[in-house]
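These notes are about the structure you will find just below.
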Amino acid sequence: MADDVTDREPEDPELLEALAIRRWSRRVDIVIVVLLGAASFLAAWAGYQAGLWANKKSDVTVMAEGYRAAAGRASITGYQERQIDIALFMGWLEADNRGDARMANMYEARFTSQLQTAFAAWLATDPLNNPDAPLDPFRMAECQVPQLRQAAMMDDQVSALNVQARWCGAQSEAYIFITLLLAVVLFFGGVCTKIGWRPAQLTMLLVAWALFVYCLFLVATLPGQDDLPVTSEAPALLESMLATPAG
């Protein structure tokens with residue numbers, strides 16, 4: 001009798017349906033467990049990368065601020081030196097107009113190195129007789145204040161670092177976006193187990209997997225930490241650039 005019941009049970013439609021539902025649920029559970037585990041790991045990785053890029057952005061921003069401050073100090077030093085050169089040249093011009101060669105030589109001896117070079121080139125143009133000569137030595141190409149040139153170079157470096165900081169911020173935001181998408185994946189993966197209607201469950205599961213694959217693609221295409229080389233040149237280089245040249 002028991003054997004007859006056993007032989008008849010697999011032919012019972014309700015039992016067959018229950019077995020099919022159980023097999024389906026087991027397979028879905030396996031797929032969901034794999035999805036949730038992989039999505040959780042990728043979400044943690046994306047959050048970690050977002051933090052790294054945010055820290056790199058902060059480091060680059062701090063470096064840019066250092067260059068900006070150094071450029072300001074170099075500009076002040078350069079303009080102060082230019083004002084001294086102007087005062088010395090005006091003193092020389094007044095002494096030369098008076099015919100006081102001793103005072104003129106004294107002023108000329110105190111010119112900075114760049115003004116001495118520009119002054120010699122300016123005198124070579126015969127400014128007293130040549131109407132096409134520059135009006136003063138400060139208009140000569142040789143009259144370049146090193147600090148002002150260094151300030152311009154550091155301003156360019158500030159602009160480049162600001163671009164890099166924005167780029168790092170964009171990478172951090174991209175990883176945050178991936179983390180948000182993975183949160184949706186985890187939500188869909190958790191909710192679909194509570195849905196009894198198989199088509200809706202399958203649809204949510206497929207959408208969750210599609211989003212997960214898309215997140216994998218985004219992570220694979222985003223740059224790594226080594227793709228943005230930022231040299232830390234800070235104190236020594238900046239101090240050397242600010243040093244007043246001898247002469």
Side-chain angles (χ1 to χ4, degrees), residues 31-79 146-193 200 202-243:
V31 173
I32 290 175
V33 168
V34 173
L35 174 64
L36 294 181
S40 298
F41 175 79
L42 190 60
W45 171 256
Y48 173 70
Q49 289 295 319
L52 287 181
W53 281 111
N55 290 336
K56 184 175 283 290
K57 177 184 177 181
S58 299
D59 293 342
V60 175
T61 300
V62 169
M63 188 180 297
E65 291 299 324
Y67 274 100
R68 182 178 289 108
R73 294 194 298 271
S75 296
I76 293 173
T77 303
Y79 283 120
Q147 287 84 354
L148 296 180
R149 185 171 63 252
Q150 292 163 2
M153 292 171 57
M154 285 187 282
D155 283 335
D156 292 339
Q157 185 68 16
V158 169
S159 299
L161 290 173
N162 285 336
V163 171
Q164 292 180 350
R166 289 193 295 270
W167 193 81
C168 291
Q171 308 315 311
S172 178
E173 292 173 0
Y175 277 108
I176 292 174
F177 175 69
I178 291 173
T179 305
L180 294 177
L181 288 181
L182 290 170
V184 176
V185 172
L186 293 173
F187 173 76
F188 279 4
V191 168
C192 69
T193 59
L202 183 59
T203 300
M204 293 190 68
L205 193 57
L206 290 175
V207 170
W209 270 104
L211 285 176
F212 176 73
V213 172
Y214 178 63
C215 290
L216 280 177
F217 170 77
L218 291 180
V219 169
T221 55
L222 285 174
Q225 288 289 313
D226 296 332
D227 295 333
L228 180 65
V230 178
T231 57
S232 179
E233 305 173 349
L237 175 62
L238 294 182
E239 291 302 324
S240 66
M241 293 179 74
L242 287 175

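Residue numbers run from 1 in the order of the sequence given. Note that these values count all heavy atoms, side chains included, but never hydrogens, waters or copies made by symmetry.
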Closest non-hydrogen atom pair, [X] against [Y]:
X      : Y      : answer
Leu186 : Ala39  : CD2-CB, 3.7 Å
Leu181 : Leu218 : CD1-CD1, 4.4 Å
Ala151 : Ala71  : CB-O, 3.6 Å
Leu35  : Leu205 : CD2-CD1, 4.2 Å
Ala46  : Tyr175 : O-CB, 3.5 Å
Met154 : Ala74  : CE-CB, 3.8 Å

Under the rule for side chain to side chain contact (heavy atoms under 4.5 Å, CB included), what residues qualify as partners of Ala38, not counting sequence neighbours?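 By the side chain to side chain contact (heavy atoms under 4.5 Å, CB included) rule, Ala38 matches Phe212.
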
Once you round to the nearest 0.5 Å, how far does [atom1] of [X] lie from [atom2] of [Y]?
X      : Y      : atom1 : atom2 : answer
Gln49  : Leu42  : CD    : CG    : 10.5 Å
Tyr67  : Met153 : OH    : CE    : 9.5 Å
Gln147 : Arg73  : CD    : CZ    : 12.5 Å
Asp156 : Leu161 : CG    : CG    : 11.0 Å
Thr61  : Asn162 : OG1   : CG    : 7.0 Å
Phe217 : Leu222 : CZ    : CG    : 9.5 Å

Output yes when a side-chain donor or acceptor of Ser172 lies under 3.5 Å from a complementary backbone atom of Cys168, and no otherwise.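 Such a contact is absent between Ser172 side chain and Cys168 backbone.
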
Using the side chain to side chain contact (heavy atoms under 4.5 Å, CB included) rule, take Ile178 and Leu182 through it: C-alpha gap first, then chi angles, then the decisive distance, then the call. CA-CA 6 Å; Ile178 291 173; Leu182 290 170; 3.9 Å; yes

Under the side chain to side chain donor-acceptor pair (under 3.5 Å) test, residues paired with Arg166 that sit two or more places apart: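 Arg166: no side chain to side chain donor-acceptor pair (under 3.5 Å) contacts found.
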
Answer yes or no: is there a side-chain heavy-atom contact under 4.5 Å between Val60 and Lys57?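 The answer is no, as the side chains (C-beta and beyond) never meet within the 4.5 Å cut-off.
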
